[in-house]
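Each chain gets a letter, A, B and so on, in the order the sequences are listed, and its residues count up from 1.
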Amino acid sequence: MFKRILIANRGEIAVRVIRACRDLGIESVAVFSDVDRAALHVREADQAVLVGPAPAAESYLNTEAILAAAKKTGAEAIHPGYGFFSERAAFARAVEDAGFVWIGPAPDAIERMGDKVAARKLMAAAGVPITPGSPGTLETEEQVREIANKIGFPIMIKAAAGGGGKGMRLVESDNDLGSIVRTVASEAKSSFGDGRFYVEKYLKRPRHIEVQVMADKHGHTVHVFERECSIQRRNQKVIEESPSPFITPEMRAKMGEVAVRAAQAVNYTSAGTIEFLADADRNFYFMEMNTRIQVEHPVTELVTGVDLVRTQIEIAAGAKLPFKQEDLAQRGWAVECRIYAEDPAAGFAPAPGKIETLRFPSGPGVRNDAGVYAGAEVPIFYDPMISKLVTWGATRSEAIDRMRRALGEYVIAGELRTNLDFHRWMMTQPRFLKGEFDTNFISQEWHPLRNGAVHADQAHLAAIFLAAIAGNQSANLAAASSPRASTPTTSGMRPSSWRMIGRLDQLRR
Amino acid sequence: MFKRILIANRGEIAVRVIRACRDLGIESVAVFSDVDRAALHVREADQAVLVGPAPAAESYLNTEAILAAAKKTGAEAIHPGYGFFSERAAFARAVEDAGFVWIGPAPDAIERMGDKVAARKLMAAAGVPITPGSPGTLETEEQVREIANKIGFPIMIKAAAGGGGKGMRLVESDNDLGSIVRTVASEAKSSFGDGRFYVEKYLKRPRHIEVQVMADKHGHTVHVFERECSIQRRNQKVIEESPSPFITPEMRAKMGEVAVRAAQAVNYTSAGTIEFLADADRNFYFMEMNTRIQVEHPVTELVTGVDLVRTQIEIAAGAKLPFKQEDLAQRGWAVECRIYAEDPAAGFAPAPGKIETLRFPSGPGVRNDAGVYAGAEVPIFYDPMISKLVTWGATRSEAIDRMRRALGEYVIAGELRTNLDFHRWMMTQPRFLKGEFDTNFISQEWHPLRNGAVHADQAHLAAIFLAAIAGNQSANLAAASSPRASTPTTSGMRPSSWRMIGRLDQLRR
Amino acid sequence: MRYVATLEGTEHEVDLEELTPESFAISFGQDRFEADLRRVGPASFSVLLANRSFDFDVVRDGEEIVVTSRHGSTRLSLVDSARRFTRAGPKRELKGPAQIKAQMPGRIVNVLVKAGDQVKEGQGLVIVEAMKMENEVKTPKAGKVAEVKVVAGQTVEKGALMIVIE
Amino acid sequence: MRYVATLEGTEHEVDLEELTPESFAISFGQDRFEADLRRVGPASFSVLLANRSFDFDVVRDGEEIVVTSRHGSTRLSLVDSARRFTRAGPKRELKGPAQIKAQMPGRIVNVLVKAGDQVKEGQGLVIVEAMKMENEVKTPKAGKVAEVKVVAGQTVEKGALMIVIE
């Protein structure tokens with residue numbers, strides 16, 4: 001087993017990998033950018049090395065600095081987490097060329113699955129069903145229009161090098177086509193260094209179901225069952241669960257078998273996910289393979305009892321899979337809510353900032369994988385995820401009961417805004433509770449102006465007013481007396497308010 | 001189902017019951033004493049009623065005040081938690097007489113199991129094996145000596161009305177006998193209102209193994225497998241796990257069957273635990289039945305997936321058990337460490353006080369049931385438990401790996417002392433790791449002066465010194481500037497220190 | 001002391017009376033409530049009112065106060081009626097030239113128009129990247145591009161003026 | 001600035017030099033280290049030293065400073081060598097009469113001796129209840145009970161004098 005691992009990532013996934021390392025008795029090395037000096041992953045790691053300024057391209061995507069950090073600290077292996085370098089074959093190769101172990105699939109497998117167009121062809125050849133769309137990559141608005149006319153709107157335009165909800169846009173009709181093609185092409189070029197894109201038929205009321213696979217370097221490949229990720233906003237997942245409430249046992253068995261076949265087609269090793277879209281008739285189509293650990297891996301961990309990240313590390317160190325297909329079973333149900341610093345009332349736009357007060361939920365069935373702490377800043381430079389709140393229950397309904405309770409306990413207050421109220425609303429939606437939803441659920445059902453407000457009676461309102469007045473006076477006091485107060489104020493407080501808050505302060509003892 | 005439940009308890013178990021209520025959509029009513037106005041269970045409940053001054057006898061054991069609180073708030077049922085009223089048949093009767101539902105076994109069952117001497121006789125009659133000892137209760141030193149001479153030292157002297165490690169003492173030899181008999185008799189009288197006691201043979205190297213049972217009001221009784229609670233200090237459990245690393249599948253099946261028989265002998269309903277002592281030859285003897293939910297119930301919940309507290313409430317509301325014996329299975333392993341405000345270096349004496357800094361561990365496999373928050377006080381009047389830290393793993397060794405990691409993440413700092421370092425030490429002990437221990441483990445292996453210290457190299461020491469200097473200066477600044485600082489100091493800080501901490505404060509932004 | 005609390009557009013006149021250092025009477029509309037208040041964290045308050053337990057965290061967000069509990073968040077503005085110290089100014093009018101501002105901090109990926117261009121409503125003006133997402137910012141009205149204040153590659157703060165459409 | 005840090009009975013002379021507002025040089029014994037220090041909570045500090053990451057929480061416990069990290073707790077005393085402001089006084093001698101004090105706050109359940117009684121070493125003096133546990137407090141030496149300062153039913157603070165044995 002390795003003695004020391006460098007984690008080329010930040011946020012909750014870096015902390016997640018540190019925890020797996022600690023369980024295995026392995027030392028962890030964090031890397032950080034200028035703005036992340038005091039980030040949680042730096043605090044939690046055994047070692048930490050500065051790799052550059054805030055922009056990811058100069059720090060978390062700085063190959064030279066990261067390999068130098070690994071060398072300097074004596075790390076033997078590198079875990080990329082998700083995002084950043086995780087699906088960049090060139091980096092994986094550089095890691096291996098520099099003599100480190102890459103904790104992930106072979107660069108060749110990343111590459112073959114990373115080219116979405118080539119992957120579609122490969123999968124079709126391996127007998128994996130694929131969606132209708134362009135046979136290869138496209139470059140112009142005209143080419144897109146031609147395909148669209150053949151398969152019909154709506155269509156998805158996807159960057160050939162994209163994935164994970166990045167670099168893909170829905171086109172509803174010919175009117176939006178020009179603007180969207182421009183955006184995708186530009187984004188693809190700047191984000192992935194590859195401006196090519198392709199087109200797929202956009203399924204009506206699709207369900208997004210994916211299968212986790214694990215493969216060792218000794219030829220063993222298993223699937224660890226499915227997740228459903230149909231609750232999405234801006235084509236990004238916000239709520240995931242396992243099992244899927246949609247699929248039948250027969251469909252589950254078939255999807256698992258197809259997923260294993262797909263992974264074996266590229267001699268896959270480590271953790272990976274085959275993403276499928278399913279239509280209302282329970283036909284399913286290969287969408288892409290994510291050649292990394294995924295954000296939503298905890299729902300699988302809670303339902304199967306498998307530690308996917310620990311197993312990734314063991315596989316990279318040459319171990320055989322510690323389980324066979326027949327050892328794996330699903331038990332109960334798990335739901336994950338991604339907690340973001342964003343403003344659901346403003347189209348889910350990022351709303352980062354400093355966290356002043358933070359209380360995590362806990363108790364039976366609750367797991368919260370966070371990347372922050374009270375006093376930490378959610379910086380504007382990276383993905384604004386605060387944590388992944390995951391609950392387990394013996395049934396789907398118990399898991400959701402617990403999620404509702406955990407969301408109620410979760411307190412995040414400060415400069416930032418969060419989607420907690422959005423998730424609280426979600427957990428009361430009849431269609432969600434019945435499992436009858438598709439990837440369009442949020443755009444169909446969410447009305448920011450109508451939802452999320454507290455419906456308070458007079459007594460409740462009185463309590464809110466009292467707290468607001470007390471809190472306002474505390475804030476003024478803090479601003480006036482603390483050198484670190486971040487909310488400057490021209491306080492018009494009267495002396496009696498000072499007296500009151502002074503008393504409140506005494507009460508706190 | 002009930003609309004509203006009153007919880008006649010405090011601390012983590014009150015919060016645990018509130019969480020179960022919330023999962024079920026039931027409103028919760030907390031009760032509190034003068035010193036608990038700002039306690040976590042008051043903050044978390046939907047309603048809260050003051051029931052008296054700090055001493056438990058005048059508040060948490062104040063029948064009249066608690067029933068009045070239930071009436072006033074419109075509660076339909078009362079959950080007693082553990083300790084306090086949980087095993088007092090008279091209170092359970094008063095609850096039922098006042099027209100509320102008692103969330104626990106029938107008063108008659110509490111009574112029959114509460115008289116430990118009568119229970120021994122009853123169990124023997126039902127074919128449950130019992131330990132050698134006095135056939136009935138004793139009152140004098142001389143009677144104890146007589147039995148001791150017959151069955152041989154060491155012996156346990158136990159209050160007839162005691163339980164849960166309270167009101168019991170080990171007597172190693174005739175020398176200590178007088179003093180211990182006096183203490184037990186006095187403690188039994190003042191704690192349980194019943195000075196009678198009895199004597200049992202103290203088994204050499206005993207293992208403490210208990211079986212969880214659940215029974216509904218429709219005649220269904222099941223066992224939910226065993227827990228092992230052999231790591232004890234002062235006859236109180238500090239580490240528990242499930243499954244037991246000691247017992248064989250055959251012994252497990254037999255113990256489960258005996259436990260169900262024992263519960264049925266008193267027409268038991270709700271959650272209860274049959275405690276056994278096992279000797280090195282895997283003979284097991286009935287010790288007592290705990291007619292309540294137990295502190296260590298989470299290890300069973302993690303291994304079986306059953307929510308025991310939720311099920312207690314459902315049973316009280318008249319529901320049938322939602323599972324049959326054959327539906328229940330153990331999966332993986334769970335370990336619980338009880339985190340106390342106590343000083344292991346001073347014989348585990350309580351060391352309560354205010355918590356200044358608090359960071360709970362989290363991540364895969366970690367559950368932390370706490371009764372406190374940052375800024376809360378652990379009062380001197382009650383049990384000094386801070387939280388129950390529980391980890392789950394696919395194997396015993398993975399559960400312990402995760403416990404070691406979680407203990408490392410857990411930060412509690414303030415006026416109080418804790419047993420965190422003790423637990424950290426425990427998780428490295430070869431005998432514990434191998435599962436080869438008995439209830440004498442701590443007294444045999446723990447040397448407070450030698451253990452628990454950080455073994456730091458020069459660089460680590462330098463970092464500690466830097467933090468100590470910075471922290472010392474912060475504390476002085478806080479004491480000088482904050483109206484709520486609890487550590488008065490005659491600061492001799494030089495101006496340059498102020499300058500430094502001012503800078504540190506700026507850095508924190 | 002009297003306050004005016006504005007919540008979802010409705011003004012509430014709230015009278016607060018200090019009964020003891022820990023208890024307060026709150027009157028508004030027809031109702032009067034007595035409540036016990038404890039500060040349980042830097043900006044956290046436990047309130048007991050008619051046996052009900054509320055647990056609030058309070059932060060300022062600009063001119064507003066956000067009160068959060070397990071029931072959700074409430075945004076309100078609060079004015080000490082003696083001195084209207086937290087009152088926001090009148091809303092700025094949205095007529096006249098359209099000022100296209102950055103809604104969040106980000107990087108300008110591309111500028112699609114130049115000064116003098118005629119644009120129609122909904123036409124793309126700039127592509128801004130924030131949080132690894134690219135967004136095409138469109139004009140809310142047809143008109144002429146009067147000013148272009150940004151260039152590709154530049155980073156912008158939240159609220160920065162990017163384009164003016166006449 | 002120079003400090004004397006006493007740790008497990010050993011004194012360390014520590015020189016602290018402020019290099020920048022965020023970095024410090026710490027010298028003691030033969031070694032000199034440079035470290036980056038950030039305050040990450042009211043009493044929490046992140047230290048990077050030779051690439052190693054340490055995360056400390058610091059509290060005072062009487063005359064001592066307790067520094068806690070995932071590696072465990074370290075208790076030390078710290079003296080600014082210019083002004084020995086946190087130095088504890090000399091340890092009190094334990095010869096002469098034995099003063100039996102309460103080791104924790106609690107309630108006196110029973111007093112087993114009265115003034116004038118002769119007691120032998122290890123004999124029970126009082127039964128104290130704290131945290132629902134009863135403990136018999138024994139005399140550390142044989143002698144005569146000189147004073148009894150407590151009565152049954154009374155509560156005592158930590159450190160309260162209960163019995164004096166001559």
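A distance of 10.5 Å separates OG1 in B:Thr395 from CG in A:Asp307, rounded to the nearest 0.5 Å. Taken to the nearest 0.5 Å, the CZ atom of A:Phe360 stands 10.5 Å off from the CZ atom of B:Arg359. Between the OG1 atom in B:Thr391 and the CG atom in A:Asp23 there is a gap of 9.0 Å [rounded to 0.5 Å].
Note: B:Thr304 leads B:Leu302, B:Leu24, B:Thr304 in heavy-atom pairs under 4.5 Å with chain A. Chain A forms more heavy-atom pairs under 4.5 Å with one residue of B:Arg404, B:Arg331, B:Arg16, B:Arg402 than with any other, namely B:Arg331.
Checking side-chain atoms of B:Ser362 against main-chain N and O of A:Asp369 turns up no donor-acceptor pair under 3.5 Å. Of the possible donor and acceptor atoms, none in the side chain of B:Arg405 sits under 3.5 Å from a partner among the backbone N and O of A:Cys21.
Of all heavy-atom pairs between A:Gly305 and B:Ala394, the closest is O-CB, 3.9 Å. For the pair A:Glu301 and B:Pro364, the tightest heavy-atom approach, listed with the atom from each and the gap, is OE1-CB, 4.4 Å.
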Any chance you could lay out the salt bridge (charged side-chain N to carboxylate O under 4.0 Å, His left out) test for B:Arg19 and A:Glu409, step after step, and finish with the verdict?
CA-CA 10 Å; B:Arg19 285 179 168 142; A:Glu409 288 181 22; 2.7 Å; yes
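Using a 4.5 Å heavy-atom cutoff, the side chains of A:Val366 and B:Arg367 are not in contact.
One finds no salt bridge joining B:Asp401 and A:Arg22 here, because no Lys/Arg side-chain nitrogen approaches an Asp/Glu carboxylate oxygen to under 4.0 Å.
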